[in-house]
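Here the structure comes first, spelled out in structure tokens, and everything after it is commentary.
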Amino acid sequence: DEYKGLQFCLDCVDVFENGFGKNNEHGPTLKNYLSGDRWKMLMGNLERQIKGPYIFGDKPSPADFFLTQHMEWRTNTFFEPLKAKYGIDLLAAYPKLCGVR
């Protein structure tokens, strides 16, 4: 359904652009965001929508490509460096999201 795909993309923007964008200028603020309920709620929302192996089931959709580019961007620039330097794995609780990338 095209509207569900659009909503999923907007949810990705909420997490990976708006959430990080508002909080990434100041370390303690970003830490509060990532350890708070909003982060878990937003990521859980994305995780629950993935039917697998793609977002809407057996075939990729434009939303899969949108999610993939966001996951690659944030994984390469944030999640992996954080894990390597501090041992913090923010994606461990979201295997479906990690599977799409």
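- Proximity of Phe66 to Val13: side-chain heavy atoms (C-beta onward) are separated by under 4.5 Å at one or more points.
- We find the CD-CD distance between Glu72 and Gln69 to be 9.5 Å, quoted to the nearest 0.5 Å.
- In this structure, Lys4 NZ and Gln49 CD are separated by 9.0 Å, a value rounded to the nearest 0.5 Å.
- The cluster map of Ile, Leu, Val, Met, Phe, Trp and Tyr, joined by side-chain heavy atoms under 4.5 Å apart, puts Leu42 and Met71 in the same cluster.
- Interatomic distance, CZ of Arg74 versus CZ of Phe16, reported as 8.5 Å (0.5 Å rounding).
- The one candidate from Thr77, Leu90, Thr75, Leu91 that meets the side-chain contact (heavy atoms from CB on, under 4.5 Å) condition with Leu82 is Leu90.
- Between the NZ atom in Lys96 and the CG atom in Leu67 there is a gap of 12.5 Å [rounded to 0.5 Å].
- If you take CG on Asn45 and CD on Gln7, they are separated by 8.0 Å, rounding to the nearest 0.5 Å.
- Around the CG atom of Asn76, the shell of radius 6.0 Å holds more than 12 heavy atoms that belong to other residues, nucleotides or ligands.
- Lys31 meets the salt bridge (Lys or Arg N to Asp or Glu O under 4.0 Å) test with no other residue; sequence neighbours excluded.
- The shortest distance between side-chain heavy atoms of Leu30 and Phe78 falls below 4.5 Å.
- Note on Tyr94: it clusters hydrophobically with Phe20, by side-chain heavy-atom contacts below 4.5 Å among ILVMFWY residues.
- Checking Ser61 against Asp64 by side-chain atom types alone, a donor-acceptor pair falls below 3.5 Å.
- Put simply, Tyr86 and Trp39 are part of the same group of oily side chains (I, L, V, M, F, W, Y) that touch within less than 4.5 Å, one to the next.
- A chain of hydrophobic side-chain contacts below 4.5 Å, direct or via other Ile, Leu, Val, Met, Phe, Trp or Tyr residues, connects Ile88 to Met43.
- Transitive grouping of hydrophobic side chains (ILVMFWY, heavy atoms separated by less than 4.5 Å) brings Phe79 and Tyr33 into a common cluster.
- The CG atom of Asn32 sits 8.5 Å away from atom CG of Asn23, with the distance rounded to the nearest 0.5 Å.
- Here the closest heavy-atom approach between residue Ala63 and residue Cys9 is recorded as CA-SG, 3.9 Å.
- No donor-acceptor pair closer than 3.5 Å links the side chain of Glu17 to the backbone N or O of Cys12.
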